[in-house]
Structures are given as C-alpha cells and as structure tokens.
Amino acid sequence: MQAFIDHARTFRRRAAQDSDAFGRLAAGQNPQALFITCSDSRIIPSAVTGAQPGDLFEMRTAGNIVPPYRPHVPSAEAATIEYAVEVLGIADIVVCGHSHCGAVGAVVRGDDLTGVPAVRDWLADGTALTPGREASHDLARPVQRHVLDQVQKLRTHPSVARRADEGQLGLHAWFYEVHTGAVLTHRPGTDAFLPL
C-alpha cells in the first residue's frame, strides 16, 4: 500500500507537468468507448488499449458480467451503460474477457461457492455456462462464449439496442490472454476469436 500512497502524494506534481491535458479533463469527459471487463487485477484497460485519461469509460464487474436490463431493478451496471450511451454518446462498447478467469473457471468446474454467497449468486445470475461441461485446464472457449453472451445481454438495454440498430454504436467482444498479452476479437463472419 505504501507504494500507492507515495505515488498519490507525487501525482499532483506530475500532473502539473501536463497541465494542458489535465485542464481539458477538468472541462468534461468525452470517452471514445465503454470498456466492460473483469474486476481481475491483472486486466488494465489503459495498458491493453493504450488509452489516455478520458479515453475510456470503464465498467468492471466480477466475470465481466452484464446484467440483463430490468426496468424496475436499479443497478450500477445499468446506470453505467445508460449514462455512457445516452449522456456521453460513446460510439463503441467492448466486452473484454480474459484467460485464467476465476469466475468462469469456478462456474465451469462447478466449484462450491457456498462460502462466498454474493459471488455464487452473481455468477449464477450472470452466466449461461453449464457447470462441469468444459475441461478446467483450458478456459479460452468458455470465456469466449461467456463474452458473447454478455454482448447479447447488452442488447437488452433499450439505449444500446436502439443505437446499435441505428448503426451508431459498435458492440465488440474481446478476449485478452494474460500470459501472452495477445488480444483477440470475435469475427462474426467466421464465428471465431482472431487476433486484432
């Protein structure tokens, strides 16, 4: 923790060296994309994409789960998606899953999650994967199917469906390999995840 504290203490000095950029940020935000990914600490959206402050509007959830739109059930995820689309007018949404995903691994292996009931219920509600159907040593295919399912759930959000149908919003499914740094994207024509 001390390294974080030390960095935060000196951040103002470093920010002052680029006062023009930080001045623009103070005037408002205009991100290019909503980037939805896992809460996993190994995934750093700005490192993967090269984004600078203000470029990405981020939503991180355990297992990069996008809850389906439920009009009478308030959620932080629905609010984030709606704000990004309706207020910020983002042009693209990326759902990025990753290799070595603990959430997807727990589901496909059928792990006992009774000791973490909030995690258990979140995963049960958020994924269509079937426990015990996949080999636990290779999570690439289950994670990729899971990402595609989350992209489909984005379309249950009225603002997303409307803007996507109007051709004003691109929806992207990505898979990040933690061990190699490679990023794959889903190519609908081949129904495969291929390198960007």
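Everything numeric in this text was worked out from a predicted model, so none of it was measured.
- The minimum heavy-atom distance between P31 and L56, with the atom names listed, is CB-C, 3.9 Å.
- Distance check: S99 OG to L139 CG gives 8.5 Å after rounding to the nearest 0.5 Å.
- Taking the six-membered ring for Trp and the full ring otherwise, the centers of H157 and Y69 sit less than 6.0 Å from each other.
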Assess whether side-chain contact (heavy atoms from CB on, under 4.5 Å) is satisfied between Q32 and I90, documenting all intermediate values. CA-CA 5 Å; Q32 299 174 37; I90 53 100; over 6 Å; no

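- For the atom pair I43 CD1 and F35 CZ, the distance stands at 8.5 Å (nearest 0.5 Å).
- With contacts defined as side-chain heavy-atom distances shorter than 4.5 Å, the pair F193/T185 does not qualify.
- The structure places CG of L148 at 11.5 Å from CG of L171, a figure rounded to the nearest 0.5 Å.
- At least one donor-acceptor pair closer than 3.5 Å links the side chain of R60 to the backbone N or O of D40.
- With a 4.5 Å cut-off on side-chain heavy atoms, T114 and R120 count as touching.
- Note that the CD atom of E82 and the CG atom of L34 stand 12.5 Å from one another [nearest 0.5 Å].
- If you chain together hydrophobic residues whose side chains sit under 4.5 Å apart, L169 and Y83 fall into the same group.
- Interatomic distance, CD1 of I65 versus CG of L123, reported as 5.0 Å (0.5 Å rounding).
- Closest approach of T37 to N64, counting heavy atoms only: C-CB, 3.4 Å.
- Atom-to-atom distance recorded for L25:CG and Q52:CD is 10.0 Å, nearest 0.5 angstrom.
- For G126 against D149, the heavy-atom pair with the smallest separation is O-OD2, 4.3 Å.
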Derivation and outcome, salt bridge (charged side-chain N to carboxylate O under 4.0 Å, His left out), residues R155 and D165: CA-CA 10 Å; R155 293 188 67 81; D165 291 345; 2.4 Å; yes

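- The shortest heavy-atom contact between R42 and H100 is NH2-O, 2.9 Å.
- Side-chain contact annotation: H186 with D191, donor-acceptor N/O pair under 3.5 Å present.
- Between L154 and I36 there is a side-chain heavy-atom pair separated by less than 4.5 Å.
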I81 vs M59, side-chain contact (heavy atoms from CB on, under 4.5 Å): CA-CA, chis, key distance, verdict: CA-CA 8 Å; I81 293 164; M59 183 174 91; 4.1 Å; yes

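- Ion pairing of R9 with D6 is present here, as a side-chain N (NZ or NE/NH1/NH2) and a carboxylate O approach within less than 4.0 Å.
- Using a cutoff of 4.0 Å between basic side-chain nitrogens and carboxylate oxygens, R162 and E86 are scored as salt-bridged.
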Chi angles and distances behind the side-chain contact (heavy atoms from CB on, under 4.5 Å) call for L196, L184: CA-CA 5 Å; L196 283 174; L184 311 178; over 6 Å; no

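- In this structure, C96 and Y176 approach most closely via the heavy-atom pair SG-CB, 3.9 Å.
- Between the side chain of R145 and the backbone N or O of L129, no donor-acceptor pair lies under 3.5 Å.
- In this structure, I93 and H172 have side chains that are not in contact, with every pair of non-hydrogen atoms separated by 4.5 Å or more.
- With contacts defined as side-chain heavy-atom distances shorter than 4.5 Å, the pair W174/T49 qualifies.
- Each of V178, V104, V147, V143 was evaluated against H98; a single residue qualifies, V178, per the side chain to side chain contact (heavy atoms under 4.5 Å, CB included) test.
- A heavy-atom distance below 4.5 Å is not found between the side chains of L88 and V85.
- Between D125 and R70 there is a salt bridge, since a side-chain N of the basic residue sits under 4.0 Å from a carboxylate O of the acidic one.
- In this structure, F57 and A84 approach most closely via the heavy-atom pair CD2-CB, 3.6 Å.
- By the 4.5 Å heavy-atom criterion applied to side chains, V66 and V151 are not counted as neighbours.
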